[in-house]
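Structure first, commentary second.
The sequence lines fix the lettering, A, B, ..., with proteins before strands; numbering per chain opens at 1.
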There are 2 protein chains.
Amino acid sequence: MNVEDLDLAIVAALTADGRMSFTDLAARVGLSTSAVHQRVKRLEERGVIAGYTAKINYEALGLPLTAFIAIRPIDPAAPDDAPQRLSGLSEIESCHSVAGEDYYLLKVRVSGPAALEDLLAKVRSVAGVTHRTTIVLSTPYEGRAPLLRGDRVAGW
Amino acid sequence: MNVEDLDLAIVAALTADGRMSFTDLAARVGLSTSAVHQRVKRLEERGVIAGYTAKINYEALGLPLTAFIAIRPIDPAAPDDAPQRLSGLSEIESCHSVAGEDYYLLKVRVSGPAALEDLLAKVRSVAGVTHRTTIVLSTPYEGRAPLLRGDRVAGW
DNA sequence: GTTGAAACATCAACGGC
DNA sequence: GCCGTTGATGTTTCAAC
């Protein structure tokens with residue numbers, strides 16, 4: 001796919017501040033405004049930049065409780081459309097299919113223990129048995145940019 | 001803190017598209033451009049909107065392997081500054097302090113198994129013994145907006 | 001990648017509800 | 001207090017080089 005160092009710098013800058021103007025971005029990577037503009041548009045078209053989002057403080061929004069829920073289907077032989085069936089539950093922020101004992105790992109945001117209890121009941125009824133729920137106490141950091149450094153793609 | 005429905009609509013729109021212009025945002029929530037502008041600035045000042053970020057396709061960037069690493073310190077009596085000591089490892093996207101058997105849950109992005117092996121060694125040497133590593137096979141969805149609906153803050 | 005110019009968005013000051 | 005209008009400044013966008 002060939003993403004150059006300049007593109008990595010652009011991606012890093014837009015990860016840190018997704019609303020940075022093309023003018024500032026240009027100054028940061030040492031290019032003209034329209035040159036970065038073209039590169040950003042190309043990164044968007046190629047899907048390297050999949051979009052932009054606001055970072056939300058969910059505590060301030062009344063959803064102070066974050067948890068991870070590991071699940072596995074009740075019937076392992078049944079067609080596994082759990083992600084789709086769970087997608088209606090708005091409390092679920094992300095859904096990963098994982099290797100290991102569990103099938104899926106969900107990250108959820110709720111208003112408190114009672115809402116978590118309700119959610120767990122819904123998850124059970126929709127997509128199998130909940131296996132393990134891990135409560136998040138605090139989040140030292142989140143959404144950092146894990147970008148490529150010197151060691152690059154060697155090792156695959 | 002008192003976040004109104006109008007603010008929730010703004011937050012939802014900016015979660016879906018963090019670079020949406022105030023003009024479009026205004027049309028979407030039925031306000032004038034400067035009215036939404038003022039509300040967004042207030043949401044930023046109050047910390048409800050903590051910033052903006054680009055959504056990156058890490059596979060396209062050469063980091064196709066995502067994993068969760070659950071850790072606990074070697075010496076539970078020692079001062080626990082693991083998040084800070086781990087913050088130098090750029091592969092770590094997020095670090096949550098959790099309840100349960102483990103102390104921290106890390107989400108990491110690497111280029112492949114060899115890079116994961118290297119990272120696990122670094123995590124061990126820096127912040128304790130790695131207890132369980134869960135490989136992500138695929139991600140049906142991620143970064144959705146878990147916003148408040150009718151049930152609100154009841155239940156706390 | 002660059003320049004330049006038109007269309008558009010941002011932001012602060014002011015007035016009205 | 002919150003919303004709307006205005007106008008100056010800055011930004012985005014696109015064609016031509």
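- Remark: P of dC11(C) and CD of E44(B) are 8 Å apart, rounded to the nearest angstrom.
- Contact annotation for L6(A): backbone-only contact, meaning every heavy-atom pair under 4.0 Å involves sugar-phosphate atoms and none involves a base.
- The separation between D24(A) atom CG and dT10(C) atom P is 14 Å, rounded to whole Å.
- More than 12 heavy atoms of other residues, nucleotides or ligands lie within 6.0 Å of CD in E93(A), so this atom counts as buried by the packing criterion.
- In this model, a side-chain donor or acceptor of Q38(B) finds a partner on the base of dG4(D) within 3.5 Å.
- Two residues are said to be in side-chain contact when any heavy atoms from C-beta on lie closer than 4.5 Å; L119(B) and V108(B) meet this criterion.
- Taking 4.0 Å as the cut-off between side-chain N and carboxylate O, E101(B) and R132(A) do not count as a salt-bridged pair.
- Between the CG atom of D7(B) and the P atom of dC3(D) there is a distance of 9 Å, given to the nearest Å.
- Between the P atom of dG1(D) and the CZ atom of R39(B) lies a distance of 13 Å, rounded to the nearest Å.
- A close approach under 4.0 Å does occur between a side-chain nitrogen or oxygen of H37(B) and OP1 or OP2 of dC11(C).
- Among the heavy atoms of the strands lying under 4.0 Å from S21(A) are primed sugar atoms or P, OP1, OP2 only; no base atom is included.
- Here dA9(C) is the nucleotide among dA9(C), dT12(D), dC11(C) with the atom lying nearest to any side-chain atom of T23(B).
- Rounded to whole Å, the distance from CZ on F22(A) to C1' on dC8(C) is 13 Å.
- As a whole-Å value, the separation of L31(B) CG from dT5(D) P is 11 Å.
- Side-chain contact between D7(B) and R46(B) is present, with at least one heavy-atom pair separated by less than 4.5 Å.
- The base of dT3(C) sits within donor-acceptor range of the side chain of S34(A), with an N or O pair under 3.5 Å.
- Atom NZ of K41(B) and atom C1' of dA9(C) are 12 Å apart (whole Å).
- For M20(B) and dT10(C), the CE to C1' distance is 16 Å, given to the nearest whole Å.
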_For a salt bridge (charged side-chain N to carboxylate O under 4.0 Å, His left out) check, start with the C-alpha distance between K41(B) and E44(B), then their side-chain angles and the critical distance, and finish with the verdict._
CA-CA 5 Å; K41(B) 290 302 157 195; E44(B) 290 171 358; 3.4 Å; yes
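- Comparing G30(A) and R19(A) against DNA chain C, the residue whose closest nucleotide sits nearer the 5' end is G30(A).
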